[in-house]
Amino acid sequence: MNVNKIINRAIQELKYGQIVNLGIGLPTKILDHISPDLDIFFQSENGLLGAKKISEDSPINPELIDAGGTYIDIRSGASFFDSSVSFAMIRRGKVDITFMGAFEVDQEGSLANWKIPGYFSPGIGGAMELAQKTPKVIILCSHNDKKGNSKILKKCKLPLTAKKCITRIITDKAVLDVTNEGLVLKEIAEDLTVEELIAQTDAQLIIPQNIGTF
Amino acid sequence: MNVNKIINRAIQELKYGQIVNLGIGLPTKILDHISPDLDIFFQSENGLLGAKKISEDSPINPELIDAGGTYIDIRSGASFFDSSVSFAMIRRGKVDITFMGAFEVDQEGSLANWKIPGYFSPGIGGAMELAQKTPKVIILCSHNDKKGNSKILKKCKLPLTAKKCITRIITDKAVLDVTNEGLVLKEIAEDLTVEELIAQTDAQLIIPQNIGTF
Amino acid sequence: MMNKQIAIEDVIATIPDGASIMVGGFGNPGTPFALINELRRQGQRNLVIIKNDANEDSIGISKLIENGQVDKLITSHIGLNKVVVELMNRQLLNVEFYPQGILAEKIRNAGAGCFGFLTDVGIDTEITDKSQLIKFQDKELKIESALYADFALIHAQNSDNYGNLVYGSAAMNFNPLMAMAANQVIVETPNLVSSDSLSPEHIHTPSAFVNSIVKVEFLTHEYQLAGA
Amino acid sequence: MMNKQIAIEDVIATIPDGASIMVGGFGNPGTPFALINELRRQGQRNLVIIKNDANEDSIGISKLIENGQVDKLITSHIGLNKVVVELMNRQLLNVEFYPQGILAEKIRNAGAGCFGFLTDVGIDTEITDKSQLIKFQDKELKIESALYADFALIHAQNSDNYGNLVYGSAAMNFNPLMAMAANQVIVETPNLVSSDSLSPEHIHTPSAFVNSIVKVEFLTHEYQLAGA
């Protein structure tokens, strides 16, 4: 999987002034690649607004981590608050975008990313509220798993994180939008044909006239 | 009515280290008479712990009032907080004593002090939660109204503030404790006989062997 | 978000007739007098106002009520405003009362994106209709609904350009709760300061909850009056 | 109240077997390692521990769990502690999971002296049994009960003798909520400071919620580790 391709495409979603939450895994890599000049506030659900990648020569503050446990720094205009205010912010829709990883997504926009029964059940964390309550939920994931199976399904089989919550899916092969009509192909990886993509995707795709590449 | 007698007796209830709320009216006069050395934290439900009477030569801070709208000062160790935390403190029973005025009290320990239908209905304010949730509710009021009617009743007639909430009643004529058995006379004003007190009281009084005077 | 500073007449003009508006303050401290005065000048009508009290007559939200702009007041105690009590008694103003801490918690509950909470406050009094009680974990309890609003008018001692707010002493009261519960949050502040002068640990309202900031160039006499 | 300072062994000795204990912290920041270590040393058993996470293996509450002192863990996410995941999978530890913000709100609701709240979080997922849903104001909602505890163990950056607390950066997290929700609140702090050095506007937890204060004379290595 081409991680950088996904991250670079994800960064194009960011606009001046937004409040953004980054899930553990692929999404947190956005912090490593983003221009420090972009005026964005990253929210971390352990209680801060204004997270910034720590520079290598900065001293570490052991009390300053993100929700994934990584040492971070803060930008000018940052604030700290307790966990109830942090999720108040999330449930009130004040976080504009959340980027999350996924085990499975489906053409209805449902997301499964917190539990694989029998294999992986570390708890729900903040995922359910972020997925259900953020206005724009953007999924970053590989298009297919290691065995080549599509992660973009007609219907999720794993326990859901939230139903019909996804706005956009960015994989290494495509950018897909969830619409009332179904899953619309917006952009395709430049080294792939539409036929190849369809063959590698379980979900039904709506193919419009104009498709971008990335 | 001898206001000072009530206030002086009320002050004897205060002990080192307590958190105390003072209702509007008679109770707030406690602040004027208390020794500044007594290590007490007065809570004001508009969001502060550590209220202190403002000294005459201090500059006024227009943002620093108590819940009755009087300019106050704060003591060392004071804190400010929002209205939800203020009432969290009250509902969690962290305020040790609340002193309140009353229109009527009764021998079951019920209190009416917020509404006189048709005459007076300014709203509930903080009274209901303070009366219902404070471990020690002490009522300060005149024993009889201007017409001579007892305010200490068998049963309240006015809309209740809270049912069976009162610990102790301090009037100009008596100190009465609410017990499971009924209203017990603890102390009597030194210029009054027990017979006179009974004649001026609607509620049934339990008269123990030993009665103090004040 | 980012620079949220806006002219007072422009931001108050976004409030339509019939809006529900939370107004910060307990008595005078924390009351956004400048925003209220502009709302009075523009004259929006049929408003639902949510405030702990009604201020005193002739100032604050009492001006809006006296001017006939308010259909309904949701409050806790209006005892220090005889004019508003009189309007209520003459049934010229619809007033809905809650215990003060329940009003605060209804607003806090909305601010947290919830829909209500369970309480036993007042269950033995006339404010509770026994038919509303539910049994939960062997207790008789009342469901109090969350109280949301279209707008909140907030007075902060300090704000930066992002809308990180700090309140002064007893002027905090309902302000941070309302800033979370309203859909559009309009802040007035006499001190628009640089972010770097605010300590991130000591922000009372994080910028995420603030939409618009009005710099109040000077404070009117109302800010200097005795409280309540 | 007043001088609440007490020796660590004396205050931890007040915790009986079977107690429910809220433990502050999100990962390492805000975790009261010294109080936990003393609880491990004294060895109280059959504990119910409430914490956002299980720390990493060999530190924090993981020590209590690994030592068999914990019957039940109420938490949100334990993904960074393989030892505890393994104990859960082998059914040697009872773990109750909530969405993180719901766990925070359950504790906040108790801290506010309420009994539960209404939410729609997770209602379309397996964490919700449809039979629990109630209809309120035309919405399908779930009642989440308030979560109280016998004790809270809190780590504060600063405290005065009265127990006015200030937390450092991301070490705030669950601490102020737990300080309100527990019946007995035990605070550890490396900095016992004079009241006059704290600004009354910037107290995160007012002294009313604090029962006991332990001055931590030196911070162990655990406080210096990477978080979560």
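Just the heavy atoms: all of them, side chains too, but no hydrogens, waters or symmetry mates, feed the values below. Just so we're on the same page: letters track the sequence lines, and every chain starts at 1. If you're wondering where the values come from, they're calculated on a predicted model, not measured in any experiment.
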Inset, instruction - Evaluate the side-chain contact (heavy atoms from CB on, under 4.5 Å) criterion for residues D:I15 and D:L153: first the C-alpha distance (whole Å), next the side-chain angles of each, then the deciding distance (0.1 Å), finally the verdict. - result: CA-CA 11 Å; D:I15 301 178; D:L153 308 184; 4.3 Å; yes
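Scanning residues 175-197 of chain D against chain C with a 4.5 Å non-hydrogen threshold yields no residues. Listed in order of number, the residues of residues 117-130 of chain C that approach chain D to under 4.5 Å between heavy atoms are C:F117, C:L118, C:T119, C:D120.
Defined by atom type and a distance below 3.5 Å, a donor-acceptor pair is present between the side-chain atoms of D:N37 and D:E222. The closest side-chain donor-acceptor pair between D:N109 and D:E144, if any, does not fall under 3.5 angstrom. In the model, C:D17 has no side-chain atom that pairs as donor or acceptor with a side-chain atom of C:N46 under 3.5 Å.
Atom-to-atom distance recorded for C:S76:OG and C:I50:CD1 is 13.5 Å, nearest 0.5 angstrom. Note that CG of C:L73 is 5.0 Å distant from CD1 of C:I61, once rounded to the nearest 0.5 Å.
Heavy-atom distances place both the backbone and the side chain of D:E201 under 4.5 Å from chain C. Contact annotation for C:S145: both backbone and side-chain heavy atoms come within less than 4.5 Å of a heavy atom of chain D. In this structure, no portion of D:I203 lies under 4.5 Å from any heavy atom of chain C.
Residues C:L93 and C:K72 approach most closely at CD1-N, 4.3 Å, considering heavy atoms.
Contact check for D:K51 versus D:D53: side-chain heavy atoms found under the 4.5 Å cut-off.
D:Y167 and D:H204 have parallel rings, their planes meeting at less than 30° on a 0 to 90° scale where 60° marks the start of perpendicular.
Taking the centre and axis of the six-membered ring of C:F115, the NZ or CZ atom of D:K139 falls outside the cone set by 45° and 6.0 Å.
Side-chain atoms of C:K4 come within 3.5 Å of backbone atoms of C:Y162 as a donor-acceptor pair (strictly under, hydrogens ignored).
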